[in-house]
Amino acid sequence: MPLNDRLLALPKVDLHVHLEGTITPAMAQKLAARNGLAHAPELLAADGESFRWEADDTAAGALVGFLKAYDAATGVMKTAQDYSDITYDYLKRAAAEGCIYAELTISADHGQQVGLTYPQMLDAITKGFDKAKAESGIEIRMISTAVRHYGPAEALKVGRITHDNPHPLVTAFGLAGDENAYTMADFEPAYAAAALPYRTAHAGEASGPSTVRSAREVLKVRRFGHMVRAIEDADVMAEQKAINAVPEVCVSSNMALGVYKTYAEHPLRKFFDAGLKVTLGSDDPTFFGTSIGREYQIAQEHFGFTDAELLQVSRNAIEEAFVDEATRAKLLRRIDAYTAD
Ligand code: ADE
Ligand code: ZN
């Protein structure tokens with residue numbers, strides 16, 4: 001559904017988006033052809049316009065099934081040009097919907113599966129970004145992210161590679177993948193090795209409130225990928241509120257992966273009304289049939305967010321973005337320039 005003119009003009013921020021999760025089915029087919037690959041037909045739905053994956057009925061099972069498809073889709077990428085193209089393609093689409101800033105979750109492990117070293121992957125992403133920025137002014141930073149189910153030893157390697165190859169746009173370290181694999185403590189060495197100023201971690205998505213607590217206590221994060229299942233424990237909610245926690249909420253992702261069956265069950269509105277510093281993310285937009293514009297639209301249509309409240313969500317995101325203060329101030333000015341109702 002197209003965004004109305006006011007919503008289109010409203011400055012948006014996508015703090016939670018996995019780069020390989022932005023490949024469109026059309027791009028996947030284009031890259032498969034370009035790279036001489038038989039594009040796994042089981043990856044695409046019958047209409048050829050969306051991805052499909054096997055999932056059981058539980059949130060944990062759905063995530064694992066989805067992550068397999070995610071890895072398979074990455075399999076159509078083979079070159080640095082492919083990384084540049086998906087980066088440009090995503091940023092162009094996001095900017096056209098009024099996105100002024102995105103934080104790309106990037107994965108050295110996936111880059112390696114494509115056949116690129118971490119510096120080669122960063123260089124390719126930066127080329128795609130430079131082109132998009134020249135056209136639209138969109139700004140980005142990157143979160144170098146370890147994949148939980150690849151294990152703590154692999155995560156430590158990602159932490160070290162991140163540390164040994166500093167890049168001005170890589171400002172944070174993160175943790176994604178199967179939330180039920182290993183413990184948060186197993187990944188602290190990876191964060192320590194990366195030694196970046198900012199941290200985030202997926203928690204409270206496929207697993208319950210206790211992962212949120214341990215992400216906070218063990219990894220010392222204040223920004224959380226998802227965090228929605230914190231709602232199941234009043235004590236965890238109070239603890240999160242006490243640190244002014246920042247949830248990166250991805251509604252369509254949660255629906256697609258069966259964390260919630262209906263919008264009415266989703267805690268987005270409860271989080272906002274509880275005074276949590278809510279931000280929005282598209283997570284893996286092309287897999288979940290969404291975009292950052294659509295996430296703002298869903299917040300408005302299904303959760304009653306006014307334009308002023310959506311602008312507050314964007315302001316929250318820039319205030320908590322993993323950027324230097326000069327860039328933050330510049331982005332806040334773009335938000336202030338929009339007059340809400
Ligand atoms: N990797 C890509 N998307 C993810 C998600 N929604 N949760 C955990 N890991 C992911
Ligand atoms: Zn995610």
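Atoms considered below: every heavy atom in the structure, side chains included; atoms not considered: hydrogens, waters and symmetry mates. Both counts, for ligands and for their atoms, begin at 1 and track the order of listing.
At distances below 3.5 Å, at least one donor-acceptor pair connects side-chain atoms of R328 with backbone N or O atoms of I318. With hydrogens and angles ignored, the 3.5 Å screen pairs no side-chain donor or acceptor of E205 with any backbone N or O of G225. Between the Q120 side chain and the T117 main chain, a donor and an acceptor come within less than 3.5 Å of each other. At distances below 3.5 Å, at least one donor-acceptor pair connects side-chain atoms of R222 with backbone N or O atoms of I243.
Close contacts of ligand 1 with D284, meaning ligand atoms under 4.0 Å from a residue heavy atom, involve 2 (C), 3 (N), 4 (C), 6 (N). Short contacts between ligand 1 and Y70, defined as distances under 4.0 Å to a heavy atom of the residue, involve ligand atoms 2 (C). Atoms of ligand 1 lying under 4.0 Å from at least one heavy atom of A176, given by number and element, are 9 (N). Atoms of ligand 1 found under 4.0 Å from any heavy atom of E205 (numbered from 1 in listed order, with element): 5 (C), 6 (N), 7 (N), 8 (C). Close approach of ligand 1 to H18 is summarised as follows: ligand atoms under 4.0 Å from at least one heavy atom of the residue are 1 (N), 2 (C), 3 (N), 4 (C), 10 (C).
The protein heavy-atom contact nearest to atom 9 (N) of ligand 1 is G177 N, 2.8 Å. Protein heavy atom at the shortest distance from atom 6 (N) of ligand 1 is D283 OD2, 2.8 Å.
Surrounding NE2 of H167 are more than 12 heavy atoms belonging to other residues, nucleotides or ligands, all under 6.0 Å away.
Per residue H202, closest N, O or S atom to the Zn ion (ligand 2): atom name NE2. Restricting D283 to its N, O or S atoms, the one at the least distance from the Zn ion (ligand 2) is OD1. The closest approach of H16 to the Zn ion (ligand 2), by N/O/S atoms, is made by NE2.
Taking a 4.0 Å cut-off on heavy atoms, F66 registers as neighbouring ligand 1. Within the 4.0 Å heavy-atom shell around ligand 1 one finds L67. Look at G21 and you'll find every heavy atom at least 4.0 Å from all atoms of ligand 1.
If you look at L63 next to ligand 1, the close heavy atoms, those under 4.0 Å, all belong to the side chain.
Under the 6.0 Å distance and 45° angle rule, R269 counts as a cation-pi partner of F305. Remark: R223 qualifies as a cation-pi partner of F322 under the 6.0 Å distance and 45° angle criteria applied to the six-membered ring.
Close placement of the F66 and Y70 rings is indicated, their centers lying within 6.0 Å of each other. Separation of the H266 and F303 ring centroids falls under the 6.0 Å cut-off. Two rings, from H18 and H110, have their centers 6.0 Å or more apart.
Among the atoms of H18, an N, O or S atom is found under 2.8 Å from the Zn ion (ligand 2).
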